[in-house]
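For ligands, and for the atoms within them, numbers begin at 1 and follow the listed sequence.
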Amino acid sequence: MLFLTHASQLLTLRCESGDSAPRRGTQMRELGIVEDGAVLVADGKIIAVGTTDEVAKHELARKADDVDCSYNVVLPGFVDSHTHPVFTAPRLIDFEERVAGASYEEIAEAGGGIRASLRGVRDASTGTLATHVRQALDEMAAQGTTTVEAKSGYGLSFAAEMKSLEAIREAAHQWPGTVVPTLLGAHVIAPEHRDNPKEYVRIICDDMIPTAAKLKLAAFVDVFCERGAFTMEQSQRILRSAVEHNLGVRAHVCQLTPAKLAPLMEFHPASLDHMDFVSDEDVAVLAKLDTVATLLPAANYFLGLDAFAPARKLIDAGVPVALATDYNPGTAPTPSMPFVLSAACTHMKMSPAEAIVAAAYNGACALRLQGRKGSLEPGKDADIAIFDATDYRELAYWFGRRYSQE
Ligand SMILES: [Zn+2]
């Protein structure tokens with residue numbers, strides 16, 4: 001049992017409305033701040049939340065180990081709802097070429113990009129991959145993240161994708177936080193099927209998805225619906241197979257080019273991710289749905305782009321917005337949610353409060369975990385981040401900072 005006391009600011013992220021829908025519009029600014037805040041924890045669950053004086057009256061408070069959180073901001077651990085941690089090496093040549101002026105697609109055409117990570121993953125053992133994933137999870141935890149969605153997607157064969165998911169499972173068992181595994185066999189067409197993409201889509205639908213579902217290796221199926229990756233028709237086929245196997249659905253869409261979202265909506269995706277080129281008509285549609293728009297500004301930053309996803313337009317229209325790192329070796333090699341908060345505020349004009357709700361509560365919604373994660377309320381999992389700061393705005397203000405984190 002733990003009793004966290006005297007937090008300068010305790011951000012409960014409790015919402016006035018009290019419901020469990022994704023937060024939208026002005027709800028994204030509700031942090032539920034308690035000054036001199038306290039949290040009582042037993043058996044991994046939150047027992048009580050409030051001021052230190054209030055929570056001290058609880059009968060279990062006296063028996064719990066006291067943790068003094070003076071000069072700390074205490075909040076729900078971040079939910080990083082979009083990461084690609086199963087790879088073996090950084091892509092330094094891609095990085096250098098991009099800095100010298102090559103585009104994402106030129107690098108992919110020249111044999112860099114996603115396919116460059118493929119050899120490393122196919123050659124590695126499950127244990128080696130798990131070690132890499134575990135290292136990434138530890139770095140994320142050091143930046144306040146307690147729940148991570150982890151995708152496969154650099155194996156691009158039945159065996160290598162299943163091995164990637166097994167590596168995620170192995171790493172997750174060794175890590176104290178929560179990992180949500182996603183099958184992203186549909187990252188790009190595997191090189192050996194480039195002349196026959198239909199066959200690769202068939203392998204995803206008939207082999208990867210049924211096996212991942214049967215062995216409970218994935219909770220979600222993701223697809224990169226984009227020029228040069230998978231067409232809308234191929235994406236629909238893959239997502240239909242996911243739904244048939246009772247797996248959740250999410251998609252990378254509108255990252256590099258515009259796309260109409262209607263063909264994806266019939267599968268009720270938990271989240272649509274990137275959304276840089278989302279249309280005004282689709283913004284209006286999403287405002288009425290619980291599908292979360294997950295924005296990944298670290299990728300725009302690392303690609304050196306001038307444009308970022310239209311966060312203000314989405315939030316002001318009432319679309320629930322989440323933030324995630326997109327941790328991956330090609331376009332977003334960062335484990336840091338605080339960096340993402342900084343980029344969201346400086347480049348997408350989100351307020352620090354909106355960024356925190358997007359990075360915790362709405363991130364949980366993007367994984368359909370808001371019943372357990374994303375806010376500090378009695379009965380929820382005790383996933384708590386403690387930052388060396390006295391004001392929540394510091395989390396988005398300092399960047400590239402090292403936190404001593406618990
Ligand atoms: Zn991604």
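Note on the Zn ion (ligand 1): protein N/O/S atoms under 2.8 Å are His82 NE2, His84 NE2, His252 NE2, Asp326 OD1.
Within the 4.5 Å cutoff, the side chain of Glu30 has heavy atoms near those of the Glu16 side chain.
Results of the side-chain contact (heavy atoms from CB on, under 4.5 Å) test with Val253 over His274, Met275, Glu226 single out Met275 as the only residue that passes.
His82 and His252 form a side-chain donor-acceptor contact under 3.5 Å, judged by distance and modelled atom types alone. Side-chain contact, Gln143 with Thr145: no donor N or O sits under 3.5 Å from an acceptor N or O.
The salt bridge (charged side-chain N to carboxylate O under 4.0 Å, His left out) pairs that include a residue from residues 129-150 are Arg134-Asp138, Glu149-Lys151, Glu149-Arg250, where partners are two or more places apart or lie in different chains.
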(request) Walk me through it: do Thr146 and Thr178 pass the test side-chain contact (heavy atoms from CB on, under 4.5 Å)? (result) CA-CA 6 Å; Thr146 52; Thr178 301; over 6 Å; no
